[in-house]
Student: 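Supplied in structure tokens, the structure appears directly below.
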Amino acid sequence: MNESTQDPSPSNFIRHIIDADIASAKHQQIVTRFPPEPNGYLHIGHAKSICLNFGIAQDYPNAVCHLRFDDTNPGKEKTEYIDAIKQDVQWLGFDWGDKLHHTSDYFEQLYQYAIALVKQDKAYVDSLSADDIRLYRGNLTEPGKDSPFRNRSVEENLDLLEKMKTGEFAEGEHLLRAKIDMAAPNINLRDPAIYRIKHMAHPMTGDSWHIYPMYDFAHCVSDAIEGITHSLCTLEFEDHRPLYDWFLDQLQTPAHPQQIEFSRLNLDYTVMSKRKLHELVEGAYVSGWNDPRLPTLSGMRRRGYTPAAIRDFCSRIGVTKKDNIVEMSVLENSLREDLNVIAPRALAVLDPIKLIIDNYPDEQEEMLSGINHPNDQAMGLRDVPFAKELYIERDDYMEDAPKKFFRFTEGREVRLRFAYYVTCTHVVKDTNGNVTEVHGTYDPDTRGGKSEDGRKVKGTIHWVSAKHAVTAEVRLYDRLFTIADPAAAKEGDYKDSLNPDSVVTLKNCQLEASLAQTSLEQRVQFERQGYFCQDSVDSKPNALVFNRIVSLRDSWAKKG
RNA sequence: UGGGGCGUGGCCAAGUGGUUAAGGCACGGGGUUUUGAUCUCCGCAUCCCAGGUUCGAAUCCUGGCGCCCCAGCCA
């Protein structure tokens, strides 16, 4: 197990329940499970569930967490998703050991349990059409009514079920239903479906089955088979708990797990539903499941987010039953806290403009020393080449700048990080009036960026030697949507509020040459800008592409 | 107007009858600083409303109000 995942998580109402169950000796060993359906990629909402379930397994003695693919609907599920999900869980830092399961592992047992239900006259084969079943179900205020097939004999039901299984009927022709109560106020109890016919190959079982179990039946039984003690799921399943318990009460299962619901995570300025994520990917609104703007784990991984930061985020947001929309700033804070510690610093100019030091000898070059991390001496020093022609950030020069602007404007002295004090003398403009070059003079006595006379220089800016710099593409990411809660958009489509500037690509960035040596995994801070890493898909040694993971906090930009 | 949940500061979230109502994020302000970063210090709520019980209530009771979920042969 990844060492950094070992800090115990803060408690919550679910852990209180578990504590009580241990105290009362209801359980000696806690077993949880993370049960994704392999019909899409995992997102940060799943990370919350993963951290909850695997976190409990880490913190309680002898506890374990199973990874179980809830693969009961071959129409939507793919091996591609299974592989991606495993990778994401591992990347997040969790280990299921030998507890890798699939609901499909239990298809035969599930079928035997269904037969047991039929034999108890607690389930029957219905032959109503899907439309009729809906009609017979009633609605929120009116009770449903019994299907005319509800009183078939056990023998007939057994026979029909067997034939459903062997593929003798067309899809939709018959349906196995639990016999509960068509007038139940909880609609989930109005004879819910247990098995439907699907003539479809399954990623794991191939074409050995023509019927597939429904979630409500398969999930509780699978939990019981695996000896799950606490089955944690999201709030929308609260209404299904009576059903979860009903099945287990009818059947002789090895255990009766406790289902506990908690609220799903919502993050502002993004969407979290699988349906919408699918739509964004398939409609090419983004480049794929791993688009760095998406809240998917693969997108965040590519963007450069660290597993530690995501875990930290999950522990900060807590676990409750309240609907919530967490602000992106919480995630960004977790990220910056981690990145600040692990990322070495470098100088990189994203929007370059020439700075010419007029009094610096034309052909001279010198090597200056830069510190790799101001708060961590162990990261050491590096050489930074200096010469007459440099690049600085275009907005580090301003004409008619206010007093509080600590960067270049005519007559103002600024420190070039690790280098010299430079006083801006004048600029050169093109015919349109755009500044094309900034000129200045340096003070040779300030080498290293300090002066003997104790003269105060408020501003320090980053720079890069023009002749030594490497050119790279840099992608700046911003929130995917322009409104905080796009999913709630009553009028129009949520896609209408997609942020057109969610990615800004800069092609002519000038980076300190050392950055060409970074690995794909390495996160770096570009001083004064933010944290960056190479794009794992597009970056090449001779065509570097960097992603901005998250910007630095900027109290100046806020005021300005 | 059936059933199930939820309501503590801008956003999360502790709190389980006696606490100055934790903490984080955000926000505002001070200090340090060769990143307007980091770090650091300070400030920032009487708990949806109304009654009631109690010496004492965010915590108990009653009645309101608000928000979310459920009518897939999806999970």
Side-chain angles (χ1 to χ4, degrees), chain A residues 10-12 16 35-37 39 70 72-73 75-77 126 128-130 133-134 137-144 171-177 184-190 192-198 211-212 214-216 218-219 233-242 261 263 265 268 274-275 315-334 336-337 340-341 345 347 370-371 373-375 404-407 415-419 421 446 448-450 457-462 484 525-530 551-560:
Chain A
S11 197
N12 53 55
H16 290 331
E37 182 191 11
N39 68 343
D70 209 351
T72 58
N73 187 354
K76 293 185 175 176
E77 297 150 7
D126 198 355
L128 243 27
S129 68
I133 284 181
R134 189 181 325 117
R137 185 151 36 225
N139 56 45
L140 296 182
T141 52
E142 294 165 37
E171 292 188 8
E173 212 174 322
H174 301 288
L175 180 71
L176 184 71
R177 294 228 257 169
N186 179 344
I187 294 178
N188 295 121
L189 263 19
R190 318 240 261 232
I194 298 177
Y195 267 98
R196 76 289 213 185
I197 298 170
K198 271 185 192 289
I211 56 173
Y212 292 95
M214 299 291 290
Y215 167 85
D216 285 308
H219 205 89
C233 62
T234 45
L235 251 28
E236 66 272 25
F237 291 102
E238 206 144 21
D239 286 341
H240 294 243
R241 182 162 17 103
E261 312 83 13
S263 52
L265 166 67
D268 64 3
K274 268 191 190 174
R275 202 209 101 227
S315 81
R316 284 175 194 246
I317 58 174
V319 179
T320 68
K321 299 186 68 140
K322 252 189 301 194
D323 286 337
N324 63 80
I325 302 181
V326 176
E327 291 177 347
M328 199 64 93
S329 63
V330 181
L331 213 207
E332 291 177 341
N333 177 72
S334 293
R336 292 199 267 245
E337 220 168 76
N340 176 235
V341 173
R345 320 275 120 132
L347 303 182
I371 187 160
H373 194 121
N375 310 318
K404 302 284 274 182
F405 183 77
F406 303 144
R407 290 110 90 171
R415 171 166 39 236
L416 295 187
R417 170 131 251 224
F418 308 134
Y421 290 0
T446 57
K450 51 189 178 294
V457 172
K458 188 67 180 165
T460 300
I461 67 170
H462 60 280
Q525 183 196 100
F526 290 179
E527 293 205 20
R528 300 210 305 139
Q529 316 248 39
S551 67
L552 249 31
R553 268 196 198 86
D554 189 351
S555 56
W556 166 254
K558 266 170 204 158
K559 289 179 192 169

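A note on names: the letters A, B, ... follow the listed sequences, proteins ahead of strands, and every chain is numbered from 1. Worth knowing before you read on, the calculation uses all heavy atoms, side chains too, and leaves out hydrogens, waters and symmetry mates.
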Student: Side chain of A:Asp323, heavy atoms from C-beta onward: which of B:C25, B:G36, B:C68 has the nearest atom to it?
Tutor: B:C68
Student: Please state how far atom CG in A:Asn39 lies from atom C1' in B:A75, giving the value in whole angstrom units.
Tutor: 7 Å
Student: Say you pick atom P in B:C11 and the same atom in B:G51; how far apart are they, in whole Å?
Tutor: 26 Å
Student: What pairs of nitrogen or oxygen atoms, one from the protein and one from nucleotides 70-72 of chain B, lie under 3.5 Å apart?
Tutor:
| from | atom 1 | to | atom 2 | distance (Å) |
| --- | --- | --- | --- | --- |
| B:A71 | O2' | A:Arg137 | NE | 3.3 |
| B:G72 | OP2 | A:Arg137 | NH2 | 3.1 |

Student: Looking at every strand, decide which applies to A:His16 at a 4.0 Å heavy-atom threshold: base, sugar-phosphate, or nothing.
Tutor: base
Student: If B:U20 has a Watson-Crick or G-U wobble mate with both distances under 3.5 Å, name it; if not, just say none.
Tutor: none
Student: First locate atom CD of A:Gln525, then atom CG of A:Leu552, and finally report the distance between them rounded to the nearest 0.5 Å.
Tutor: 4.5 Å
Student: Please determine, for B:G43, whether a Watson-Crick or G-U wobble partner exists with both distances under 3.5 Å, and give it or none.
Tutor: B:C27
Student: The side chain of A:Asn324 lies closest to which of these nucleotides: B:A75, B:C12, B:G4?
Tutor: B:C12
Student: Can you identify which nucleotide, out of B:U35, B:G36, B:G5, has its nearest atom closest to the A:Lys321 side chain?
Tutor: B:G5
Student: Could you measure the distance from the CG atom of A:Asn188 to the CZ atom of A:Arg241? Nearest 0.5 Å is fine.
Tutor: 12.0 Å
Student: Between B:G36, B:G5, B:U33, which nucleotide has the shortest distance from any of its atoms to the side chain of A:Lys458?
Tutor: B:U33
Student: Measure the CD1-CG distance between A:Ile194 and A:Asp126 for me, rounded to the nearest 0.5 Å.
Tutor: 11.5 Å
Student: Base, sugar-phosphate, or nothing for A:Ser129, non-hydrogen atoms under 4.0 angstrom?
Tutor: base
Student: Check the distance between B:G7's P and A:Leu235's CG and give it to me in whole angstrom.
Tutor: 10 Å
Student: Under 5.5 Å between ring centres and under 30° between planes: does that hold for A:Tyr215 against the base of B:A75?
Tutor: no
Student: Establish, with yes or no, whether the OP1 or OP2 oxygen of B:G36 is under 4.0 angstrom from a side-chain nitrogen or oxygen of A:Thr460.
Tutor: no
Student: How would you label the contact of A:Ala193 with the nucleic acid (heavy atoms, under 4.0 Å): base, sugar-phosphate, or nothing?
Tutor: sugar-phosphate
Student: Would you list the protein and nucleotides 41-43 of chain B atom pairs, both N or O, that sit under 3.5 Å from each other?
Tutor:
none

Student: Suppose you measure atom C1' in B:A50 against the same atom in B:G43; what distance do you get, rounded to whole Å?
Tutor: 33 Å
Student: Please state whether the phosphate of B:C69, meaning OP1 or OP2, lies under 4.0 angstrom from any side-chain nitrogen or oxygen of A:Lys322.
Tutor: no
Student: Students often get this wrong, so: under 4.0 angstrom with heavy atoms, is A:Phe405 touching a base, only sugar-phosphate, or nothing?
Tutor: base
Student: Using the glycosidic torsion, which applies to B:G72: syn (within 90° of 0) or anti (everything else)?
Tutor: syn
Student: Can you tell me the pairing partner of B:C67 across any strand shown, Watson-Crick or G-U wobble, with both distances under 3.5 angstrom?
Tutor: B:G5
Student: Go nucleotide by nucleotide along RNA chain B from the 5' end; which of A:Glu37 and A:Thr446 gets its closest nucleotide reached first?
Tutor: A:Thr446
Student: Using a strict threshold of under 4.0 Å (side-chain N to carboxylate O), is an ion pair present between A:Glu37 and A:Lys76?
Tutor: no
Student: To the nearest angstrom, how far is A:Asn333 atom CG from B:A37 atom C1'?
Tutor: 13 Å
Student: Determine the minimum heavy-atom distance between A:Tyr421 and A:Lys450, stating which atoms define it.
Tutor: OH-CA, 3.8 Å
Student: For A:Phe237, check ring pair (Phe, Tyr, Trp, His ring centres under 6.0 Å) against everything at least two apart and list the hits.
Tutor: A:Tyr215, A:His240
Student: If you measure from the P atom in B:U54 to the same atom in B:C61, how many Å do you get, rounded?
Tutor: 15 Å
Student: Please give me the minimum heavy-atom distance between A:Ser263 and A:Lys322, naming the atom from each residue.
Tutor: OG-O, 2.7 Å
Student: With a non-hydrogen cut-off below 4.0 angstrom, is A:Ile194 in contact with a base, only sugar-phosphate, or nothing?
Tutor: nothing
Student: For the CG atom of A:Leu235 and the CG atom of A:Asp323, what is their distance to the nearest 0.5 Å?
Tutor: 6.5 Å
Student: Quick one: does A:Glu261 reach the base of B:G5 with a side-chain donor-acceptor pair under 3.5 Å?
Tutor: no
Student: Is there side-chain contact between A:Asp268 and A:Val326, with at least one heavy-atom pair below 4.5 Å?
Tutor: no
Student: Describe the nucleic acid contact of A:Phe418 in one word from base, sugar-phosphate, nothing, applying a heavy-atom distance below 4.0 Å.
Tutor: base
Student: So A:Lys404, base contact, sugar-phosphate only, or nothing? Heavy-atom distance under 4.0 Å.
Tutor: base
Student: If you assign A:Pro35 and A:Ile317 each to the RNA chain B nucleotide with the nearest heavy atom, which residue ends up on the more 5' nucleotide?
Tutor: A:Ile317
Student: Rounded to whole angstrom units, what separation is found between the NE2 atom of A:His462 and the C1' atom of B:G36?
Tutor: 13 Å
Student: Please measure how far the P atom in B:A58 lies from the corresponding atom in B:G52, and state the result in whole Å.
Tutor: 15 Å
Student: For the base of B:G36, is there a side-chain donor-acceptor partner from A:Arg553 under 3.5 Å away?
Tutor: no
Student: Which value, in whole Å, describes the distance between the P atoms of nucleotides B:G18 and B:G56?
Tutor: 14 Å
Student: Just call it for A:Ile197: base, sugar-phosphate, or nothing, with non-hydrogen atoms closer than 4.0 Å on any strand.
Tutor: nothing
Student: Sticking with atom C1', work out how far B:C60 lies from B:G23, rounded to a whole angstrom.
Tutor: 27 Å
Student: Expressed in angstrom and rounded to an integer, what is the separation of A:Leu416 atom CG from B:U35 atom P?
Tutor: 13 Å
Student: Could you state the atom-to-atom distance from CD of A:Glu142 to P of B:G2 in whole Å?
Tutor: 13 Å
Student: Using a cut-off of strictly less than 4.0 Å, decide whether A:Arg196 has a side-chain nitrogen or oxygen near OP1 or OP2 of B:A75.
Tutor: yes
Student: For residues A:Ser315 and A:Pro10, report the shortest heavy-atom separation together with the two atoms involved.
Tutor: O-CG, 3.4 Å
Student: Which pair of heavy atoms, one from A:Pro35 and one from A:His219, lies closest together, and at what distance?
Tutor: CB-CE1, 3.6 Å
Student: Starting the side chain at C-beta, find the nucleotide from B:U35, B:G10, B:A75 nearest to A:Glu327.
Tutor: B:G10
Student: Output the rounded distance in Å from CG (A:Asn12) to P (B:C6).
Tutor: 15 Å
Student: Determine the Euclidean distance between corresponding P atoms of B:A37 and B:G31; express it in Å to zero decimal places.
Tutor: 13 Å
Student: Rounded to the nearest 0.5 Å, what separates atom CZ in A:Arg196 from atom CG in A:Leu176?
Tutor: 12.0 Å
Student: With no angle test and no hydrogens, is the base of B:U35 tied to the side chain of A:Gln529 by a donor-acceptor pair under 3.5 Å?
Tutor: no
Student: Which whole-number value in Å describes the distance from A:Asp268 CG to B:A26 C1'?
Tutor: 11 Å
Student: Considering only the P atoms, how many Å lie between B:A13 and B:U40, rounded to the nearest integer?
Tutor: 26 Å
Student: Within the structure, does a side-chain N or O atom of A:Thr320 lie under 4.0 Å from either OP1 or OP2 of B:A13?
Tutor: yes
Student: Rounded to the nearest 0.5 Å, how far does CG of A:Leu175 lie from CZ of A:Arg177?
Tutor: 6.5 Å
Student: Looking only at side chains, do A:Asn333 and A:Arg553 share a donor and an acceptor under 3.5 Å apart?
Tutor: yes
Student: Does A:Ser263 place a side-chain N or O at less than 4.0 Å from the phosphate oxygens OP1/OP2 of B:C6?
Tutor: no
